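This report refers to the structure that appears directly beneath it.
What's counted below: heavy atoms across the whole structure, side chains too, no hydrogens, waters or symmetry copies. Just so it is clear, the structure is predicted and the values come from calculations on it, not from any experiment.
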Amino acid sequence: MSQESAPRTHVATFEWREQGPIFATRADESGLSYLQGLVSGEIVPPPVAQVLGIEVTKAEPGAVQFTMPVKNFFTNHLGFLAGGILSTVIDSALGCSILASITPDKDIVTLDLNVDFLRPVSEASGLITVDAEVVHLGRNRGLASCRAVDSEGRLCAVGKSSCLVRDKPQRTGSAVGAQAVKEPRR
C-alpha cells in the first residue's frame with residue numbers, strides 16, 4: 001500500500017470536568033432546576049454529555065431542547081452518525097423532559113426507547129437539535145416524544161420513551177460515587 005493510499009490516522013483526546021454531586025444526591029433539587037442549571041452553566045454536565053458535546057439549551061416544565069454537533073469520529077463505515085450516538089441524545093432529551101415535570105423528591109429511569117431514523121445524519125448535517133416533550137405523566141410512569149432535526153431544519157429522527165418515576169434513592173456523603181445507603185423502613 002502506497003503512502004498516498006494509506007488511511008490517515010486521527011487522534012482524539014477526551015477531557016471533561018468533574019460533575020460534582022450528581023442529581024440523585026440532591027434530595028431537595030427538582031429536575032427542572034437541575035436542567036436550568038445545565039442551561040445556565042451553573043451545573044457541570046455529566047461526562048457523557050461533555051464528551052459527545054450534548055448541551056441542554058432549553059428547559060421548562062415538560063419540555064426540553066438538547067443539541068449535539070455531529071463529530072466525524074462518531075460516524076460509521078458509511079460516514080453517517082452511528083445510530084447509538086443519535087439515540088443517546090434522544091434518550092437523554094426524552095428522559096429529561098419527564099425529569100423537568102416531576103417533584104423534587106422523585107427521579108426517573110428509562111424503561112424503553114424507540115427511535116425511528118428518517119434521514120442519514122453526517123458531519124455535513126451540522127448541529128442536531130432534539131425537542132422533547134411530555135405526552136403523559138402519571139404517578140409512576142411518564143411518556144415523552146421528540147423530534148430530531150439537522151442544522152437545515154430537516155427531520156432526521158423521531159423518538160418516544162417511557163420512564164419509571166420513582167423516589168430518589170437515599171444517599172449519604174457528598175462525593176461522586178458515594179455508596180448508596182438504604183434507610184431502614186419504619
Give the minimum heavy-atom separation between [X] and [Y], together with the two atoms involved.
| X | Y | answer |
| --- | --- | --- |
| Gly95 | Ile108 | O-CD1, 3.7 Å |
| Val89 | Phe66 | CG2-CB, 4.1 Å |
| Arg17 | Pro45 | NH2-CD, 4.1 Å |
| Gly83 | Phe117 | O-CZ, 3.7 Å |
| Lys71 | Val51 | NZ-O, 3.1 Å |
| Ala59 | Leu35 | CB-CB, 3.6 Å |

If hydrophobic clusters are built from ILVMFWY residues whose side chains come within less than 4.5 Å, do Val39 and Val64 share one?
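Yes, same cluster.
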Hey, quick one: are Leu52 and Leu113 part of the same hydrophobic cluster, counting side-chain heavy atoms closer than 4.5 Å, chains of contacts allowed?
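As far as the 4.5 Å side-chain criterion goes, Leu113 and Leu52 are connected within one cluster.
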Would you please test Asp150 and Val121 for side chain to side chain contact (heavy atoms under 4.5 Å, CB included) and show each step?
CA-CA 8 Å; Asp150 66 13; Val121 174; 6.0 Å; no
Could you go through the side chain to side chain contact (heavy atoms under 4.5 Å, CB included) check for Val149 and Arg154 one step at a time?
CA-CA 5 Å; Val149 300; Arg154 295 176 295 205; over 6 Å; no
Atom pairs and distances, donor-acceptor, side-chain atoms in residues 127-147, under 3.5 Å, two or more places apart:
| unit_1 | atom_1 | unit_2 | atom_2 | d |
| --- | --- | --- | --- | --- |
| Asp131 | OD1 | Gln65 | NE2 | 2.9 |
| Asp131 | OD2 | Gln65 | NE2 | 3.4 |
| Arg141 | NH2 | Ser162 | OG | 2.8 |

Checking Ser92 side chain against Thr88 main chain: does a donor-acceptor pair fall under 3.5 Å?
yes
Do Ser161 side-chain atoms and Asp112 backbone N/O form a donor-acceptor pair below 3.5 Å?
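Side chain of Ser161 to backbone of Asp112: a pair is present.
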From [X] atom [atom1] to [Y] atom [atom2], the distance as rounded to the nearest 0.5 Å:
| X | Y | atom1 | atom2 | answer |
| --- | --- | --- | --- | --- |
| Phe80 | Leu86 | CZ | CG | 13.0 Å |
| Phe73 | Ile85 | CZ | CD1 | 9.5 Å |
| Ile102 | Cys163 | CD1 | SG | 9.0 Å |
| Asp91 | Asn114 | CG | CG | 12.0 Å |
| Leu155 | Leu118 | CG | CG | 5.0 Å |
| Glu55 | Met68 | CD | CE | 12.0 Å |

With side chains defined as the heavy atoms from C-beta onward, is the minimum distance between [X] and [Y] less than 4.5 Å?
| X | Y | result |
| --- | --- | --- |
| Leu32 | Pro61 | yes |
| Thr75 | Glu123 | no |
| Glu29 | Pro104 | no |

Test log, rule side chain to side chain contact (heavy atoms under 4.5 Å, CB included), inputs Asp107 and Arg166:
CA-CA 6 Å; Asp107 69 12; Arg166 64 183 193 157; 2.8 Å; yes
More than 12 heavy atoms of other residues, nucleotides or ligands under 6.0 Å from NZ of Lys160: yes or no?
no
Within a reach of under 6.0 Å around CD of Glu60, are more than 12 heavy atoms found that belong to other residues, nucleotides or ligands?
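Atom CD in Glu60 is crowded, with more than 12 foreign heavy atoms closer than 6.0 Å.
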Tell me, which pairs form a side chain to side chain donor-acceptor pair (under 3.5 Å) where one or both residues lie in residues 94-105, sequence neighbours left out?
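Listed once each, the pairs are Thr103-Asp105.
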Test log, rule side chain to side chain contact (heavy atoms under 4.5 Å, CB included), inputs Ile54 and Thr67:
CA-CA 6 Å; Ile54 296 170; Thr67 61; over 6 Å; no
